[in-house]
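Notes follow the structure.
Positions are given from 1 along the sequence.
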Amino acid sequence: MKRVFAAMLSAALMLSMLAGCGSGDKGGTSNPGGSNPGASGSGSKQETPNRGNVILTFGTADTGGSMYPAGAALSQVWNNNIQGMKCNTQTSTGSFQNVQDVAAGEVDVGVATADVVLNGYSGQGKFETALDNIRVIGAVYTSVSSPVALKSSGMEYVHDLLGKRVAVGPAASATENSTLDAFKVMGIDSTNTSLENLGLGDGADAVGDNILDAAFGFAGLPIGGQLNLAATKEIVVLDYTQEEIDAILAGNAAYIQSTIPAGTYTGQDKETKTFGVKCLVIVSADMDESLVYDMCKVMNENSADLAAGNALLSSMTDPSFLCTEMPIPLHDGAVKYYTEQGLIK
């Protein structure tokens with residue numbers, strides 16, 4: 001019996017020594033991307049660095065806009081393709097909160113518009129201090145200003161909203177910021193117009209119920225809450241004049257001119273002029289480099305599937321959209337991956 005016990009003890013010790021040697025060789029965080037054979041390859045799934053199980057929280061926005069479904073789609077593709085990773089989405093008030101929460105470590109990943117990301121990084125606008133520990137890992141879609149009203153209102157332009165009741169998005173959200181930027185060039189403010197802080201879904205519902213005259217969204221098209229409104233009511237997408245667009249763009253370097261194509265919403269029979277901005281995925285600068293490398297790899301290699309599942313993400317299929325012309329620095333893990341792919345220099 002003693003011999004049997006001694007043999008069992010010896011075998012257990014040998015297994016323990018072998019396990020210790022094996023874990024010491026992987027070193028996933030000390031060699032970002034390097035312990036993932038084929039990490040710069042073309043789509044075959046390979047074993048990821050031995051980081052152990054990773055649980056991340058992804059800050060998005062309210063469910064009536066575009067940030068939530070974008071975050072949910074990205075979380076799913078990461079969970080399906082990065083071994084040991086679990087990314088959970090949660091709602092928030094949007095870009096401003098997400099930038100703050102990523103910088104403070106309250107969430108691990110966030111989605112935010114480029115103008116708010118730049119303000120946060122620089123300590124401008126509503127940010128009291130520079131949050132220079134935030135980094136970008138990729139762009140996912142373009143958010144545009146989408147103001148809608150009921151067709152029965154007779155309104156055609158955004159400036160027709162003077163003196164009306166308007167949903168301008170959640171407080172401190174990208175929707176509110178962009179709407180106030182637009183209103184500023186038209187002389188519209190809270191002293192002459194009723195400005196209500198509502199989520200994109202609730203704002204659209206309030207228009208449908210004749211509680212408010214119009215609702216804004218600043219998100220990827222089509223915006224869910226407005227899409228639902230157009231399915232039950234005849235709506236009009238309010239237009240900007242070119243002079244108004246020019247003045248809005250002059251006030252914010254992150255904005256770009258854009259359009260809302262005819263047919264984006266049921267009954268919308270003409271294209272309207274608007275403005276927009278890239279929507280970015282951000283993380284903290286101290287997030288594990290190999291993990292960010294793998295997240296960028298999965299985003300790039302699965303961009304066609306992401307776009308097929310949600311047209312909102314179709315811009316991701318253009319690698320130049322995904323990783324260039326960023327308002328703040330890319331994360332080191334993102335730089336490593338995109339450089340290996342020849343997408344940036």
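Between the CD atom of E289 and the NE2 atom of H331 there is a distance of 7.0 Å, given to the nearest 0.5 Å. The line from CG of L306 to CG of L74 is 6.0 Å long, rounded to the nearest 0.5 Å. The CD atom of E301 sits 8.5 Å away from the CG atom of N81 when rounded to the nearest 0.5 Å. To the nearest 0.5 Å, the span separating CG on L200 from OG on S173 amounts to 7.5 Å. Note: L221 CG to T142 OG1 = 9.0 Å, rounded to the nearest 0.5 Å. Within the model, atoms CD1 of I248 and CG of N252 stand 10.5 Å from one another, a figure rounded to the nearest 0.5 Å.
Aromatic ring pairs are classed by plane angle as parallel below 30°, tilted from 30° to 60° and perpendicular above 60°; the pair W78 and F58 is parallel.
K278 places a side-chain N or O within donor-acceptor distance of the main-chain N or O of F321, the cut-off being under 3.5 Å. The closest donor-acceptor contact from the side chain of N133 to the backbone of S284 lies at 3.5 Å or more, if one exists at all. Side chain of D318 to backbone of S315: no donor-acceptor contact under 3.5 angstrom is found. With hydrogens and angles ignored, the 3.5 Å screen pairs a side-chain donor or acceptor of T317 with a backbone N or O of S314. Side chain of N79 to backbone of C87: a donor-acceptor contact under 3.5 angstrom is found. Side-chain N or O atoms of T113 include none that pairs as donor or acceptor with a backbone N or O of C279 at under 3.5 Å. Judged by distance alone, the side chain of Y338 and the main-chain N or O of I137 form a donor-acceptor pair under 3.5 Å. Checking side-chain atoms of T193 against main-chain N and O of S190 turns up no donor-acceptor pair under 3.5 Å. Side chain of N98 to backbone of I282: no donor-acceptor contact under 3.5 angstrom is found. Under a 3.5 Å cut-off, the side chain of S146 and the backbone N or O of G217 do not form any donor-acceptor pair.
For the residue pair Q242 and Q257, a side-chain donor N or O sits within less than 3.5 Å of a side-chain acceptor on the partner.
V111 and L313 fall within a single hydrophobic cluster, where Ile, Leu, Val, Met, Phe, Trp and Tyr side chains are chained together by heavy-atom contacts under 4.5 Å. With hydrophobic clusters built from ILVMFWY side chains whose heavy atoms lie under 4.5 angstrom apart, V144 does not share a cluster with I245. Hydrophobic clustering of Ile, Leu, Val, Met, Phe, Trp and Tyr side chains at less than 4.5 Å, counting indirect connections, keeps I223 apart from F216. Grouping the Ile, Leu, Val, Met, Phe, Trp and Tyr side chains by contacts below 4.5 angstrom, directly or via other members, places L322 apart from V277. V158 and L212 are not part of a single hydrophobic cluster, where members link through side-chain heavy atoms under 4.5 Å apart.
Heavy-atom minimum distance, I55 versus N88: CG2-ND2, 3.9 Å. Shown here for A334 and V292, the closest heavy-atom pair between the two residues is N-CG1, 3.6 Å. When all heavy atoms are compared, the tightest approach of A230 to I235 is CB-CD1, 3.6 Å. Of all heavy-atom pairs spanning M67 and A61, the tightest one is CB-CB, 3.7 Å. For the pair F218 and A174, the tightest heavy-atom approach, listed with the atom from each and the gap, is CD2-O, 3.8 Å. Between L312 and S66, the shortest heavy-atom contact is CD2-O, 3.5 Å.
You'll find the side chain of K86 stays beyond 4.5 Å of the side chain of N53, heavy atoms only. A 4.5 Å side-chain heavy-atom check between I344 and L330 finds at least one atom pair inside the cut-off. Two residues are said to be in side-chain contact when any heavy atoms from C-beta on lie closer than 4.5 Å; L161 and L238 meet this criterion. When side chains are defined from C-beta on, V166 does not count as touching I188, because their heavy atoms never get closer than 4.5 Å. Side chains of F96 and E176 form no contact here, defined as non-hydrogen atoms less than 4.5 Å apart. Q268 has its side chain within reach of I260: a pair of non-hydrogen atoms, C-beta onward, lies under 4.5 Å apart. Here the side chains of I328 and L280 are not in contact, with every heavy-atom distance at 4.5 Å or above. Using a 4.5 Å heavy-atom threshold, the side chains of P319 and T324 count as separate.
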Item to complete: Please lay out, stage by stage, how E244 and Y157 fare under the test side-chain hydrogen bond (donor to acceptor under 3.5 Å, both in side chains).
Response: CA-CA 11 Å; E244 289 165 350; Y157 289 92; over 6 Å; no
Item to complete: For the pair S258 and F275, evaluate side chain to side chain contact (heavy atoms under 4.5 Å, CB included) and give the outcome as yes or no after the intermediate values.
Response: CA-CA 5 Å; S258 188; F275 65 98; 5.9 Å; no
Worksheet item: Under the side chain to side chain contact (heavy atoms under 4.5 Å, CB included) criterion, do V148 and V207 qualify, and how do the steps go?
Response: CA-CA 8 Å; V148 297; V207 172; 5.5 Å; no
Worksheet item: When you look at Y68 and D62, which way does the side chain to side chain contact (heavy atoms under 4.5 Å, CB included) test go after all the steps?
Response: CA-CA 6 Å; Y68 186 86; D62 71 77; over 6 Å; no
Discussion item. As a quick check of understanding, evaluate side chain to side chain contact (heavy atoms under 4.5 Å, CB included) for S122 and L118, giving each step before the final call.
Written reply: CA-CA 6 Å; S122 307; L118 178 58; 3.7 Å; yes
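Remark: Q124 CD is packed, more than 12 non-hydrogen atoms of other residues, nucleotides or ligands lying under 6.0 Å away. No more than 12 heavy atoms of other residues, nucleotides or ligands shown are found within 6.0 angstrom of NZ on K184.
Residues F127 and Y121 place their aromatic rings such that the two centres sit no closer than 6.0 Å.
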